[in-house]
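Below is one structure, written out as structure tokens; the observations come after it.
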There are 2 protein chains.
Amino acid sequence: MENLIKILQSKNIQPSHQRIKILEILVKNKDHMNVNMIYDELSKEIPTISKTTVYNALNTFAEKGLVHCLTITPEEMRYDYETKPHHHLLCKQCGRIIDVNVRCTYAEAMEIEGHSIEEIQGYFKGTCKDCLSRENHKTKN
Amino acid sequence: MENLIKILQSKNIQPSHQRIKILEILVKNKDHMNVNMIYDELSKEIPTISKTTVYNALNTFAEKGLVHCLTITPEEMRYDYETKPHHHLLCKQCGRIIDVNVRCTYAEAMEIEGHSIEEIQGYFKGTCKDCLSRENHKTKN
DNA sequence: ATATTGATTTATAATTATTACAGATATGGA
DNA sequence: TCCATATCTGTAATAATTATAAATCAATAT
């Protein structure tokens with residue numbers, strides 16, 4: 001809690017009650033939630049919360065570099081608090097978005113083919129480990 | 001034209017007049033167009049075209065593996081006909097989406113960290129070559 | 001303590017991309 | 001030609017996101 005406030009302040013974001021709670025959910029939850037998931041979770045604690053507030057907070061967080069926005073699902077934006085560089089797998093079976101730790105950077109200022117690269121996002125699509133082993137069990141029975 | 005029909009047939013897609021024209025635009029245009037761009041372009045030749053037809057055709061193309069769908073812009077889907085594996089740069093200055101030929105595969109059935117990977121998309125964000133040199137000219141004058 | 005100022009939150013409306021649907025049209029085979 | 005089926009069209013529905021304006025909150029000066 002104390003910690004969350006410091007995180008927000010370190011990014012020059014006013015630590016309002018709503019913002020703290022939204023960040024708390026993102027820090028706890030490594031599931032790459034979308035706005036509705038965050039809103040539903042938040043409603044338990046702050047029943048009067050507005051969805052616009054969630055949008056505003058997340059946009060602010062993203063602008064200040066506190067979270068990463070993922071467009072791996074075409075329908076809606078996903079939000080990721082994790083700071084270590086990594087990529088993402090969308091499992092076509094279970095729909096989960098899973099961190100993938102292949103070598104990569106969020107490289108501030110790389111250069112590739114003459115372009116200046118500030119950000120890299122790798123999206124993988126396929127079948128996750130868990131769904132694979134579930135399939136294997138089925139075929140073996 | 002003849003060629004386009006063969007391309008469609010090779011993917012088991014009925015080569016209707018509309019589909020041929022939509023594919024023609026995608027083949028000519030390496031700009032990673034969105035639905036509106038395609039629709040506007042197409043309207044010149046087929047003024048009665050419906051936007052739903054464009055959506056349907058592109059969905060069919062994507063299902064059959066004829067085009068790749070890009071979610072690099074959060075607002076709307078982009079479509080890419082290019083078949084050689086490559087990644088994409090979104091230039092924050094000019095908004096263009098540019099092919100980036102770093103080593104990668106659209107790898108059918110790779111395996112990473114126990115997950116089965118069918119598709120990889122790399123999205124880069126930064127400033128493209130052209131915008132960089134434009135900036136340089138400005139600062140030098 | 002109170003008033004003031006500015007930022008944040010809320011609720012609602014507007015915007016926009018995409019999909020659903022149903023009728024019209026076109027297509028290919030008997 | 002006729003029929004069955006696929007495709008196309010136009011409109012309506014859905015859903016994510018943004019715009020907006022009023023209400024609330026927080027901090028500060030008086």
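Here the structure is a predicted model, which means the values were calculated and not measured. Residue numbering restarts at 1 for every chain, and letters A, B, ... go by the order of the sequence lines.
Comparing C/dA7, D/dT17, C/dT10 by their closest approach to the side chain of A/V35 singles out D/dT17. The B/E76 side chain lies nearest to C/dA17 when the options are C/dT8, C/dA17, D/dT17.
Across the protein-nucleic acid pair, A/E63 atom CD and D/dT18 atom P stand 10 Å apart, rounded to whole Å. Computed from coordinates, the A/Y39 OH to D/dT17 P distance equals 15 Å when rounded to whole Å. We find that CG of A/L70 is positioned 17 Å from P of D/dA16, with the value rounded to whole Å. The distance between atom CD1 of B/I49 and atom C1' of D/dG10, rounded to the nearest whole Å, is 12 Å. In this structure, CG of B/L8 is placed 15 Å from C1' of C/dT27, rounded to the nearest angstrom. Between the CD atom of B/E75 and the P atom of D/dA19 there is a distance of 11 Å, rounded to whole Å. Put simply, CD on B/Q9 is 15 Å from C1' on D/dA6, counting in whole angstrom units. In this entry the distance linking CG of A/N59 with P of C/dT9 reads 13 Å, nearest Å.
Between B/F61 and B/L23, some side-chain heavy-atom pair lies under the 4.5 Å cut-off. Counting heavy atoms from C-beta on, the side chains of A/E82 and A/K30 come closer than 4.5 Å.
Here A/T53 reaches the OP1 or OP2 of C/dT10: one of its side-chain N or O atoms lies under 4.0 Å away. OP1 or OP2 of D/dT9 has at least one side-chain nitrogen or oxygen of B/Q18 nearer than 4.0 Å. Residue B/Y55 has no polar side-chain atom (N or O) positioned under 4.0 Å from OP1 or OP2 of C/dT19.
Closest-nucleotide positions on DNA chain D for A/N56 and A/N34 were compared, and the one nearer the 5' end corresponds to A/N34. Mapped onto DNA chain C by nearest heavy atom, B/Q14 and A/I13 fall at different nucleotides, with A/I13 at the one closer to the 5' end.
Linking ILVMFWY residues whenever their side-chain heavy atoms come closer than 4.5 Å, directly or via other members, places B/Y79 and B/I49 in the same cluster. When hydrophobic clusters are built by joining Ile, Leu, Val, Met, Phe, Trp and Tyr residues whose side-chain heavy atoms come closer than 4.5 Å, directly or via intermediates, B/L89 is grouped together with A/I120.
Within 3.5 Å, a donor on the side chain of A/T52 pairs with an acceptor on the base of C/dT12, or the reverse.
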Working for side-chain hydrogen bond (donor to acceptor under 3.5 Å, both in side chains), residues A/Y123 and A/Q121: CA-CA 6 Å; A/Y123 295 152; A/Q121 297 215 1; 2.3 Å; yes
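Using a 4.0 Å heavy-atom distance criterion, B/S16 is classed as a sugar-phosphate-only contact.
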